[in-house]
K.L.:
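The structure follows.
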Amino acid sequence: MISCIINGKKRSFDIDPTKRLREMLLMNGNFAVRDSDDAEGFCGSDTVLLNGTPVFSNLVLAGEAEGCEIVTPDSLGDSMHLSIVQQALVDAGVVQSAYNAPAAALLMTWLFEQNPMPSREEVKDVLSGIFIRDAGYEHYYLAADLIKEKLATGKYKSEIAPEFRPNLKAVGKVMPKIDAPQLVSGERAFVEDYVDEDTCYMVVLRSPYAHAYVNKIDTSKAEALPGVIKVITAYNCSDATYMSAGQGNPEPSPHDRRLINKKVRHVGDRVAAIVAETLEEAIKARDLIEVEYEPLEAVYTVEEAMAEGAPLVHNGKVQYNSGAPDDLDEYNAKLSGDEREGKVVYQFPLHGDILHNVAAANHGGIGDVDKAFAEADAVVEATYQTSQIQHTPLETHICFSKLENGRLIIYASTQVPYHVRRIVSWVTGLSENKIHVIKTRVGGGYGSKQDILVEDLTAYATFVTGRPVLYHNTREEEFIANSTRHPMRVHVKMGGKKDGSITGIYLKVDANTGPYGNHALTVPMNSCSKTLPLFKCDNMKYDLTIYYTNTPPAGAYQGYGTPKGTYGLMMAMCELADKLGVDYKEMVLKNHVEEGYMLEILKGLGEGREGNVVPVGSCGLREAVEKGCEMIEWGKHEESGDPDWKIGKGFAMIMQGSGLPGLDHANAIAKLEMDGSIIVLSGAADIGTGLDTIIAKVASDILCVPMDRITVLSGDTDSGAFDTGSYASSGTFFSGNAAVVASTNLKDKILDEAAYQLGEELDDMEIDWPGVVRSKKTGKELSYYDIIHTATSGTGRGHLIAPGSFTTAASSVPYGAHFAQVAVNVRTGEVKVQKFYAVQDAGTPINPEAALCQMYGASLKSIGHTLYEDMILDKDGRCVNATMTDYGVPMISEQPDDFKAVLIDVNDAHGPFGAKSISEIACNGAAPAIGNAIHDACGVWMRSWPMTPEKILRELGKI
Amino acid sequence: MAKQYKVVHCTVNGKEIEQVVDVRESLTDMLRNDLHLTSVKKGCEVGECGACTVIINGEGFNSCIYLAVWAEGKEIWTLEGLTGPGGELSDIQQAFVDEGAIQCGFCTPGFIMTSWEIVNSGKEYTDDELRKALSGHLCRCTGYENIFRAVKKTMLRHLGKFEEAELVNSQGITEYPDPMPFK
Amino acid sequence: MATKLLMAKSPEEAAVSKTASAAFVAGGTEVNRLGSDIAEKAETLISLKKCSGLDGIEADAGYVTIGAMCTFQDLVESDKVPGWLKEAALFMASRTKRNMATIGGNIAARRSDSYLIPALSAAGAVLELLGSDTKAERIGIVEYFDGAYDDKLITSVTVEKDIRLVSKRYANTAQSHAVLTMSAAMDEMGVYMNGAVKNVGLLHFCDLEKAFNDDPEISEDKIIEMVRTCTGLETADDMFGSDAYKRYLIAVTAFDLFKQLKGKEV
């Protein structure tokens with residue numbers, strides 16, 4: 001028995017002393033002590049205080065805790081009684097996906113107990129033990145200031161974020177996210193907190209080969225183990241062919257996989273799923289499965305995939321659900337048709353060609369680029385290479401499913417609850433009314449949870465065994481069997497005139513989609529569709545080809561192709577300016593689009609169908625460029641005082657989208673409850689970004705009801721209404737607008753009901769705070785309580801419930817520019833980012849402090865992929881650095897010394913209250929900004945990710 | 001007062017188990033809390049309502065007044081054990097469903113275990129005897145009629161008397177076509 | 001998989017319990033972490049967390065004796081610890097990890113990306129060891145790595161306080177494993193250079209020491225050429241960098257550290 005004091009209470013545990021302290025704390029119910037790195041001692045989600053010192057509880061043995069005093073993060077305060085530290089984190093906007101926000105709160109609490117006036121360096125030091133992926137670290141310094149101010153004077157002094165739209169009470173105002181108290185206090189929030197005690201556990205046997213047939217699989221020894229319930233393999237699983245991308249149906253991605261395939265196409269591909277009563281038994285059983293593999297030659301790069309005679313990743317059969325080419329039979333005759341290959345089904349033509357490892361392709365353009373190049377004063381032509389980047393969410397992929405009365409209940413950490421429901425329906429054959437998907441809070445998605453990567457298998461396991469099943473990715477599986485950015489070879493040819501105008505742009509993108517085609521067409525398309533429309537250029541051409549390879553699978557990641565296209569184009573633009581002898585800033589100002597400019601280039605850039613040509617709407621681009629250049633003192637050369645360190649400046653203009661016009665769809669239902677409070681049922685998926693808060697805020701301002709009388713229930717397929725989900729930066733724009741429509745419809749119903757109850761004219765009714773309807777004519781007033789009470793009485797006309805739906809063909813594009821000042825050591829190749837300024841227009845920022853933190857978080861992620869992050873594969877396709885330490889995520893030490901996010905105020909015509917999107921666009925600027933800055937510093941063009949010291953030294957000719 | 005623990009070995013729903021229990025623990029708590037067999041309900045905890053009924057060595061017992069340590073060496077069945085591996089309902093369960101004998105469902109598991117003992121006894125109970133056999137169970141929702149009918153029909157079917165089973169009317173009375181009873 | 005945990009109450013108890021199937025656990029950041037096979041292979045783990053007398057820091061006659069269980073953070077916070085050793089401890093960028101990792105543990109782990117070993121080696125640190133026969137002995141740190149002392153418990157580390165010593169560490173991010181950590185120290189006898197090269201090991205750069213000692217004005221190019229052509233150096237291409245990069249970095253760093261030492265006042 002091990003006795004210790006936990007949160008001031010004496011506790012004893014009957015536990016093996018060699019087990020980890022964290023396991024003992026879980027026995028005690030402290031589930032907010034989480035694990036993000038399989039006990040690597042890196043992420044700090046498992047931080048606790050041991051005898052007053054912060055430690056990683058995963059690295060302390062239970063026996064070592066005997067007689068010790070332990071404090072866990074959930075002891076700081078519950079969601080109704082937050083401590084000063086917890087409240088400050090909430091108010092500063094850093095509690096976003098928040099999987100380890102409780103641990104951060106504990107560290108900050110500890111810091112302030114040692115010293116009520118810590119310096120910035122001391123805050124940086126204490127936070128060096130925690131990995132924050134969503135919000136960056138900048139606003140933690142702000143939270144520290146707020147705590148200091150609160151402790152000294154009883155209130156805050158610092159400005160948390162600028163506020164917008166003074167005529168509105170909630171929208172544009174700094175207000176805590178409605179889920180933040182629950183998250184920072186460590187209350188039940190994530191999938192792992194809702195798992196039943198009698199759950200079974202599933203583990204997956206994964207392929208050691210990058211490319212092989214699975215000819216035979218003997219599971220008898222595994223199934224003979226006592227606690228093993230079932231082993232699912234390609235030979236006994238659902239035969240449905242589908243794909244994992246969470247996209248609108250019909251998807252622009254090939255359906256090219258089964259639940260488990262008879263051919264494995266990457267190291268880590270599913271071979272078998274083992275369900276057992278305990279995790280230990282499942283793991284033991286996994287080791288007893290005997291598999292006969294027939295290894296095949298593999299391809300890992302686009303060059304290898306496109307080579308003559310390359311091995312084919314997909315070589316089965318091709319089917320079209322619409323738009324089949326006339327020569328389909330002849331085409332299929334050339335394929336092996338081997339049953340083990342499965343098939344590739346296109347919902348509509350994607351210009352795929354699996355005989356040449358082409359997953360999809362697109363070509364198009366406007367004008368005549370060849371003529372433009374011929375007439376140019378200078379032409380620049382270069383190839384840029386990006387690498388395979390992982391999201392590293394703090395919460396790895398997880399799913400818990402069970403059967404209740406013939407219905408599949410699925411607790412999912414997902415961005416796309418309705419797409420999950422549909423895909424589970426395909427895989428199990430159950431109709432959708434029998435499937436209930438509950439999106440819990442999500443501990444970081446960033447696009448990785450837009451793919452249905454674990455819910456299909458977990459739900460299927462429950463379906464065939466009848467048992468509740470829990471599946472949780474290890475961190476290694478998160479790297480190798482998940483989804484990553486698409487590595488792209490971006491070839492740019494750009495021509496311009498001496499006056500700085502760009503006459504022609506040619507963009508050729510060869511992208512690597514890995515073994516399966518989820519997002520194969522759409523991610524690379526973004527590298528054109530969210531970059532070329534920045535230019536006022538009449539001659540633009542693009543050729544996109546996407547290749548299948550046997551690398552770990554690629555998929556959706558914040559930015560979705562745009563970071564790579566932006567990188568290539570904006571660096572090429574800088575190279576062109578250099579060649580022409582023109583100032584880069586002048587070139588940017590001369591060539592960027594403005595409000596009203598017709599974006600002809602969009603015609604060919606729909607997702608597998610014709611795109612909408614629209615004029616540029618609200619556009620803060622010029623302002624962003626001017627502001628950023630002013631902040632960074634563009635044009636002023638900086639000296640470091642040390643001959644080895646050269647300082648340079650660079651920037652890049654950026655854009656994204658706000659959802660997919662003509663494709664995305666959102667719904668909400670607003671209800672007036674019996675005491676005049678409001679419940680909004682939304683199909684949206686708040687993944688920590690604050691979407692639920694946005695929905696509450698728009699309802700608040702439309703219905704004139706204070707925020708604490710509004711509850712938003714979202715991401716639950718039973719209680720909500722259809723929403724395509726959180727991707728393509730659609731949350732605020734689509735889900736937010738659907739909430740606007742629903743709230744407006746409810747307002748209309750309230751007014752109508754009030755007019756009826758008062759016996760007056762509808763036109764004389766007006767709505768006012770805090771939830772009343774007044775007659776402009778007679779001054780008579782009815783509160784919402786009065787109205788709903790009468791409406792739901794024995795003679796009432798009915799509960800006031802209003803649906804709202806939103807689709808649009810309009811495109812609301814957020815714009816911005818990111819600026820970097822770097823110092824490069826020309827002897828060692830080291831790069832330090834001294835300054836990074838993210839200047840963006842997001843229309844009306846509905847949650848200003850959360851918006852700034854989104855910008856910080858995304859910028860830091862993109863600084864990561866520019867300088868540090870890379871998934872390295874060996875010659876057999878195995879990822880050699882599949883741990884947090886070796887992969888290279890930026891932590892607080894990598895934050896730029898001077899890091900600022902600035903919002904440009906621009907009102908959009910289509911967004912809810914003028915809002916546009918903010919989270920993806922902030923991933924696009926760092927790579928070209930830093931690349932251009934490095935050139936400014938030491939004269940070399942860094943044309944591949946990551947821009948490591950070794951590469952810089954090679955470019956400088958030192959090695 | 002120090003706690004005393006004991007290890008209990010028994011068979012539950014066909015599976016051999018070994019469970020450490022507090023010597024004062026009831027069989028209900030062991031089944032519900034330790035083995036997660038939550039079909040066993042706590043309605044009164046004093047042996048009056050029958051909601052906790054389980055089968056021990058073929059006989060129905062109120063598990064709330066049966067100490068867990070008494071289960072040593074015994075064979076125990078709960079409602080979970082009557083359901084097939086693919087979720088198939090046993091005939092007595094199906095009969096409860098078909099006859100509308102389930103409203104809130106709280107008394108149902110206990111009722112079914114007692115009924116299971118009855119229908120598998122091989123004995124044909126008269127209506128009065130059947131009522132007496134079921135009297136150890138409290139049901140607040142249904143008024144007992146549908147339950148009685150479900151058990152009677154199943155008992156008859158188990159005895160091979162399928163036609164007679166179909167003649168049981170909504171009051172639970174077998175409506176023979178002519179005045180002479182079959183027997 | 002370790003099944004037994006012994007919470008040793010004294011260094012003697014710990015030393016006596018050390019057998020081939022037992023392993024010491026100091027801070028836990030090495031033995032207990034993902035991927036460590038120490039806990040996998042041992043049957044018994046001997047935790048030193050409750051051992052008396054291993055976490056003191058004593059200063060005496062220009063020397064500092066640091067208990068082996070002193071954490072990296074203890075080193076940073078103590079005013080008795082010399083600045084060059086604090087700098088090496090701060091190479092561990094995670095404060096929470098510094099709260100746990102120990103100086104003794106870092107030496108015993110002998111990692112090729114060690115935070116402290118290059119500095120301690122260049123400083124000529126002396127270790128006090130306790131064997132399973134409870135006999136104490138003192139050896140130089142270099143001898144520790146050359147000899148077979150794995151079964152002995154490190155109880156303390158003694159270093160000279162006022163020496164000129166500079167260090168440099170290169171890693172992808174501050175929390176990544178270092179590709180190269182180098183330290184150089186100087187006294188009236190000359191320069192001492194030690195390093196840890198990832199996937200190669202702990203190195204004593206004798207050739208470089210000789211080069212600098214023979215000709216303090218030697219050019220950087222000559223140093224670069226020397227390292228580039230050195231056949232005894234087993235650097236290779238791997239995920240931390242190419243062979244050429246590592247050799248270049250070692251040379252440039254050696255040159256920089258020597259330059260710093262020449263101009264450095266104690």
Side-chain angles (χ1 to χ4, degrees), chain A residues 16-18 20 37-42 44 47 50 53-56 58-64 66-67 107 125-131 475-476 644 827-830 864 867-870 872 874 880-881 883-894 946 948-950 953-954 958-959, chain C residues 1-7 25 27-36 39 42 44-45 47-50 71 73 76 90 92-101 168 170-177 179-180 220 224 228 238-249 252-253 255-256:
Chain A
D16 178 348
T18 62
R20 300 175 189 282
D37 55 21
D38 299 333
E40 204 189 339
F42 184 92
T47 308
L50 185 69
T53 304
V55 297
F56 297 124
N58 261 332
L59 298 183
V60 178
L61 300 176
E64 292 178 318
E66 169 71 42
L107 285 172
D125 188 48
V126 86
L127 292 178
S128 63
I130 193 159
F131 175 42
R475 179 56 67 180
E476 187 188 0
D644 291 342
R827 289 179 70 245
T828 63
E830 290 165 288
L867 294 173
Y868 313 109
E869 299 179 35
D870 192 8
I872 301 172
D874 69 10
V880 298
N881 61 342
T883 65
M884 297 297 278
T885 309
D886 287 335
Y887 171 68
V889 286
M891 305 216 352
I892 200 166
S893 312
E894 282 68 47
T948 61
E950 178 171 348
L953 290 171
R954 282 190 190 278
K958 305 280 179 158
I959 39 172
Chain C
M1 205 45 235
T3 51
K4 288 200 282 286
L5 174 68
L6 169 66
M7 298 297 297
V25 182
T29 56
E30 188 59 36
V31 174
N32 292 333
R33 65 162 173 83
L34 170 76
S36 158
T44 305
L45 295 174
S47 172
L48 305 170
K49 285 230 168 73
K50 305 274 193 221
T71 64
Q73 190 60 25
V76 171
L90 285 170
M92 180 181 275
S94 164
R95 169 66 185 266
T96 309
K97 211 176 206 176
R98 290 203 303 272
N99 289 341
M100 299 177 80
K168 181 97 171 104
Y170 299 90
N172 184 10
T173 66
Q175 309 235 10
S176 301
H177 295 308
V179 60
L180 171 68
E220 187 181 21
I224 291 174
R228 196 180 67 79
D238 61 23
M239 62 173 258
F240 293 92
S242 69
D243 174 32
Y245 167 66
K246 290 171 193 167
R247 286 173 187 264
Y248 171 82
L249 207 57
V252 164
T253 307
F255 189 82
D256 281 346

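Residue numbering restarts at 1 for every chain, and letters A, B, ... go by the order of the sequence lines. This one's a predicted model, so the numbers in the text were calculated from it and none came from an experiment.
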K.L.:
With a 4.5 angstrom heavy-atom cut-off, is it the side chain or the backbone of C/Lys97 that approaches chain A, or both, or neither?
P.N.:
both

K.L.:
If every non-hydrogen atom of A/Arg954 is compared with every non-hydrogen atom of C/Ala244, which pair is closest and at what distance?
P.N.:
NH2-CB, 4.3 Å

K.L.:
Side chain, backbone, both or neither: which part of A/Arg20 has a non-hydrogen atom closer than 4.5 Å to chain C?
P.N.:
side chain

K.L.:
Indicate the atoms forming the closest heavy-atom contact of C/Arg33 with A/Glu40, along with that distance.
P.N.:
CB-O, 4.1 Å

K.L.:
Quick one: CG on C/Leu249 to CG on A/Leu953, what's the gap to the nearest 0.5 Å?
P.N.:
7.5 Å

K.L.:
Heavy atoms only: give me the nearest A/Asp38-C/Leu34 pair and the separation to one decimal.
P.N.:
O-CB, 3.2 Å

K.L.:
Taking C/Val31, C/Leu90, C/Leu5, C/Thr3 one by one, which has the highest count of heavy-atom pairs under 4.5 Å against chain A?
P.N.:
C/Leu5

K.L.:
Answer with side chain, backbone, both or neither: which region of A/Asp874 has an atom nearer than 4.5 Å to a non-hydrogen atom of chain C?
P.N.:
neither

K.L.:
Where do C/Asn172 and A/Tyr887 come nearest, in terms of heavy atoms and distance?
P.N.:
ND2-O, 4.3 Å

K.L.:
Need one label for A/Phe131: side chain, backbone, both or neither, based on atoms under 4.5 Å from any heavy atom in chain C.
P.N.:
neither

K.L.:
Measure C/Lys246 against the heavy atoms of chain A and call it side chain, backbone, both or neither at under 4.5 Å.
P.N.:
neither

K.L.:
Can you say whether A/Asp886 sits under 4.5 Å from chain C via the side chain, the backbone, both, or neither, judging by heavy atoms?
P.N.:
both

K.L.:
Taking all non-hydrogen atoms of both residues, which atom of A/Glu950 and which atom of C/Ser242 are closest, and how far apart?
P.N.:
OE2-OG, 2.5 Å

K.L.:
Of all of A/Pro54, A/Pro946, A/Pro17, which one pairs up most often with chain C through heavy atoms under 4.5 Å apart?
P.N.:
A/Pro54

K.L.:
So, taking the atom named CG in A/Leu107 and the one named OG1 in C/Thr96, what distance separates them when rounded to the nearest 0.5 Å?
P.N.:
5.0 Å

K.L.:
Please determine which of A/Thr53, A/Leu50, A/Thr47 meets the side-chain contact (heavy atoms from CB on, under 4.5 Å) test together with C/Asn99.
P.N.:
A/Thr53

K.L.:
Can you confirm whether C/Val25 sits close enough to A/Glu64 that some side-chain heavy atom of one is under 4.5 Å from a side-chain heavy atom of the other?
P.N.:
yes

K.L.:
Pick one of side chain, backbone, both or neither for C/Glu30, based on which atoms fall under 4.5 Å of a heavy atom in chain A.
P.N.:
neither

K.L.:
Below 4.5 Å from any heavy atom of chain A, which atoms of C/Arg247 appear? Answer side chain, backbone, both or neither.
P.N.:
neither

K.L.:
Mind checking the OH-CZ spacing from C/Tyr248 to A/Arg827? Nearest 0.5 Å is all I need.
P.N.:
6.5 Å

K.L.:
How long is the straight-line distance from CG of A/Leu61 back to NZ of C/Lys49, given to the nearest 0.5 Å?
P.N.:
6.5 Å

K.L.:
Which heavy atom in A/Gly63 sits nearest to a heavy atom in C/Met7, and how many Å separate them?
P.N.:
O-SD, 3.7 Å

K.L.:
Roughly how far, to the nearest 0.5 Å, is OH of A/Tyr868 from OG of C/Ser176?
P.N.:
9.5 Å

K.L.:
At a heavy-atom separation under 4.5 Å, does A/Glu830 approach chain C through its side chain, its backbone, both, or neither?
P.N.:
side chain

K.L.:
Let's test your reading of the structure: which of A/Ser128, A/Ala62, A/Gly864 forms the most heavy-atom pairs below 4.5 Å with chain C?
P.N.:
A/Ser128

K.L.:
Quick one: what part of C/Met239 sits under 4.5 Å from any heavy atom of chain A, side chain, backbone, both or neither?
P.N.:
both

K.L.:
For the atom pair CD1 (A/Ile959) and CD1 (C/Ile224), what is the distance rounded to the nearest 0.5 Å?
P.N.:
10.5 Å

